[in-house]
Amino acid sequence: MKESDFNLDFQNLNIESKIVVSLERIAQAFRVLLWQESKDFSLSPIMIQILIFLQNHHLKKRKVSYLADEFNMTKATISDSVRVLVQKELVRKEFDSTDNRSQILHLTAKGMEVAAKTSLFSQDIRKPIEQMNDTEKELLLLKLLDIISFLNKTGIITLQRMCLSCRYHQYKSDSKSHFCNLLMEKLEVADLRIDCPEHEEVAI
Ligand code: SF4
């Protein structure tokens, strides 16, 4: 039988378990910080996440169905949150001119203001990362991308827009370098994107 990473006798003898539990603590920090913001604005954490997403993504991604995939939630749950955001005049809906069965979500001026303030919620998590040197940051980024990529391939995280899952990404093993066949540029580790507007999923 497999041991749990949360079993302290096992965990204390296994660095893998300590890393897993550390990631869980960081996820908890995100939840705490997001919850703090949501209390300040009388919104739920997912409503804050929707506002920040709408602030930073293109029209074609600003739909209930896309948001449901993005946040691994049902369309009904996202629709409920969007309804409240519309009632609070933070979001407005508009029919998609290319498909009148679907609606595009836009931030209102008030919504933009709330998104601008709440999107700073991760600043405290950023601080210790800023203290690292460039090599440490690159190593951390690569390892995190590997973990996210694995979780994506196993279907745990459904939607990704990062270089490692993009059809334009090429890894050149001879030079151990990354290349973008859309931008036609070599990508240094620091250039690898986690959320790229041009991302296209690798065809399976
Ligand atoms: S299009 Fe974007 S995600 Fe794809 S490889 Fe190029 S930079 Fe990366």
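This structure is a prediction, so every number in the text was calculated from the model and none was measured. Whatever order the structure lists ligands and atoms in, that order sets their numbers, starting from 1. Quick note: numbers below take in every heavy atom, side chains included, and nothing from hydrogens, waters or symmetry partners.
Note on Asp174 versus Lys172: no salt bridge recorded, every NZ/NE/NH1/NH2 to OD/OE distance being 4.0 Å or above.
A 4.5 Å side-chain heavy-atom check between Gln11 and Lys18 finds at least one atom pair inside the cut-off.
The shortest heavy-atom contact between Ala68 and Ile78 is CA-CG1, 3.7 Å. Contact detail for Glu200 and Tyr168: the closest heavy-atom pair is OE2-OH, 3.2 Å.
Residues meeting the salt bridge (Lys or Arg N to Asp or Glu O under 4.0 Å) test with Glu70, sequence neighbours left out: Arg161.
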| task | List the steps and the verdict of side chain to side chain donor-acceptor pair (under 3.5 Å) for Asp191 and His178. | result | CA-CA 9 Å; Asp191 299 326; His178 301 265; over 6 Å; no
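Residues lining ligand 1 at a heavy-atom distance below 4.0 Å are given as Cys163, Cys166, Tyr168, His169, Cys180, Leu182, Leu183, Arg193, Cys196, Glu198, ordered by chain and residue number.
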